[in-house]
Number of protein chains: 2
Amino acid sequence: MGRTTVQDVAREAGVSVSTVSRALTGGTVSASTREAVQAIAARLGYQPNRAARGLITGRTGNLGLIVPDLRNPFFAEVAKGVTARARAVDYGVFIADTDEDPVAEREALASLGRNTDGVLLCSPRSPDADLLKAADPATTVLLHRRVPGLSSVVADISDGIRQAVRHLIALGHRRIAYVGGPEDSWAARQRLAVLSGVPEVLLLDAVAPTFEGGLGAGDPVLATPATAVLAYNDLVALGLLHRLAARGVAVPERISVVGFDDVSLAAMSHPPLTSVAVPKHRSGSVGLDLLLGRTGAPGDQMILPTSLVVRASSDVPPS
Amino acid sequence: MGRTTVQDVAREAGVSVSTVSRALTGGTVSASTREAVQAIAARLGYQPNRAARGLITGRTGNLGLIVPDLRNPFFAEVAKGVTARARAVDYGVFIADTDEDPVAEREALASLGRNTDGVLLCSPRSPDADLLKAADPATTVLLHRRVPGLSSVVADISDGIRQAVRHLIALGHRRIAYVGGPEDSWAARQRLAVLSGVPEVLLLDAVAPTFEGGLGAGDPVLATPATAVLAYNDLVALGLLHRLAARGVAVPERISVVGFDDVSLAAMSHPPLTSVAVPKHRSGSVGLDLLLGRTGAPGDQMILPTSLVVRASSDVPPS
DNA sequence: GTGAAAGCGCTAACAA
DNA sequence: TTGTTAGCGCTTTCAC
């Protein structure tokens, strides 16, 4: 790797190491010196050691992203948004997958907090207090989670839920089952808060926010008089779709199904899933800009708009 | 947050910084001292500065993972395998998503190459020569791609394809369509090499290795007398399933569909997809071990077994 | 077994 | 404009 150091370049160029440093990082040097040094550096294939540089500047040029599960397409898209923006601003991205483990999350936060310029944290379920205790407000931005005192980028979940409900009601549905997510999940509580006040909505038991969770919710949904189901997220909706198909229940003829998040799977399901689109990719890039101070101020709470994407899984109720 | 240094720990523990270092990195220290220092370090929330450590040890404790697209569940799973193993051996992981762009891949390789101890590279489509030129054989491990002269971890694609074909033939199929992937893809060439020699197989035009690619392949497949389709991968198979459903073609009654990779979507499709399971998670962890020299030798070519997972999308041909 | 001191490669004062 | 001199936080000789 980069064996050549500033010393080598300095010696070869007949100048001091500080002059080399200045010539290469845009300090005050004569044009001729700068050119000469740059030429030598290029010839020697000099690559600055970023660790050494970071040690003194205090900035590493890296940042961290912590997610509970990369296999979850939602977080994969967020990660993609982060890495894309990071590449544009020449930052490196450490990614830690905590595997939904709070301990791993805490460790990642500690390690990354120390070795990066900031961290983007996706923590759907850790208690506010834990987050407040483990995260430095100055160098942490929460993604898809809001905690007072910390910067965050969230989607307008309430509005998304309302759009979904309005859509179903406009279609004629008057009994809408809601299959919720984990009670300790921030996003699940957000959804519930909106839905609790809607008379047409029938709240069912919460399930795991997974395909399996959706599978298990199939029969309970059928046990209700609902003509439509709103699922916690697309994965749950997919599980629902699967179980309903297995029971010979036609979607959307007998019952409509609506998901949330609009992950890419939503368009691939059978039938294609009506879902509330959340700007996942964008949340990553916006979060990164917030972290780097390119936009907003520390402590800021960004809210990104959501929008309903209507596909074939929702239609008028059976007459 | 990460303000505490060895100095702080040393002062608090009443020992020298060198003793702290030894106690924490497994040097020669008395058991009592070690325990005391570790306790203090934990209490102070001490996190070693990896940059400083790397400066002296010459090792960064970080490695890189380059993937073409994190949203592709295949690579998301590989990434998960890498991060999981990295966490176990206390390594940080830089992830670069190149967005299928060869230039971005080159840049990522250069940047990561000099800021990490090694790079795991997923490059399905770059020419061998480009890879050989850009990658340092001593610090690079290819994942799901084999290039002479570079270490790699690949799945036994040939065997997987053979299992799939044998399965279909055993069911009674005698006309099997194959919807292939990009001709410049290493994995696609591997599959083709096996399939070319099989009389029962009908080679169709290659498509993009995506859901959309599969959609487009639906009608061409129906234009053949095939009673079964083997798709380049699960995403293509899903697209196929989707288009076939839209055409009112029953799967597997009228035609069987088999995918490849066995990504999680395969189990969620309708009908659930028979697919060749590739050890994605494992490839990541094995690749990491190979990179860190915990297993095998540089230049090694690891081959991981594949296995057919039979689900509802494949059955006997129509009689 | 432990401490003092010497750097790793680099940048940022401070002089000159 | 340039060189000299401190370190950044850590590990690692070398004494003791």
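Fair warning: this is a prediction, and the values are worked out from it, not measured in the lab. In what follows, chains are A, B, ... by sequence order, proteins preceding strands, each numbered from 1.
Using a 4.0 Å cut-off, no side-chain N or O of B:Thr57 falls inside it from OP1 or OP2 of D:dC10. Distances shorter than 4.0 Å separate some side-chain N or O of B:Thr19 from OP1 or OP2 on C:dG3. Residue A:Arg114 places at least one side-chain N or O closer than 4.0 Å to OP1 or OP2 of D:dC10. Look at A:Thr5 and you won't find any side-chain N or O under 4.0 angstrom from OP1 or OP2 of C:dG9. Note on A:Ser30: a side-chain N or O is less than 4.0 Å away from OP1 or OP2 of D:dT2.
Rounding to whole angstrom units, CD1 of residue B:Ile56 and P of D:dC8 are separated by 15 Å. Note: CG (B:Asp8) to P (D:dC10) measures 9 Å, nearest angstrom. The nearest whole Å value for the distance from the CG atom in A:Asn49 to the P atom in D:dG9 is 16 Å. In this structure, B:Arg59 places its CZ atom 11 Å from P of D:dT11, rounding to the nearest Å. In this structure, B:Leu55 places its CG atom 13 Å from C1' of D:dT12, rounding to the nearest Å. Atom pair B:Arg22:CZ and D:dT13:P shows a separation of 11 Å (rounding to whole Å applied).
One N or O donor and one acceptor, one from the side chain of A:Ser18 and one from the base of D:dT4, sit under 3.5 Å apart.
Panel note: side chain B:Asp300, backbone B:Met302; no donor-acceptor pair is recorded below 3.5 Å.
Looking at every heavy atom in both residues, A:Ala79 comes nearest to A:Ile95 through CB-CD1, 4.2 Å.
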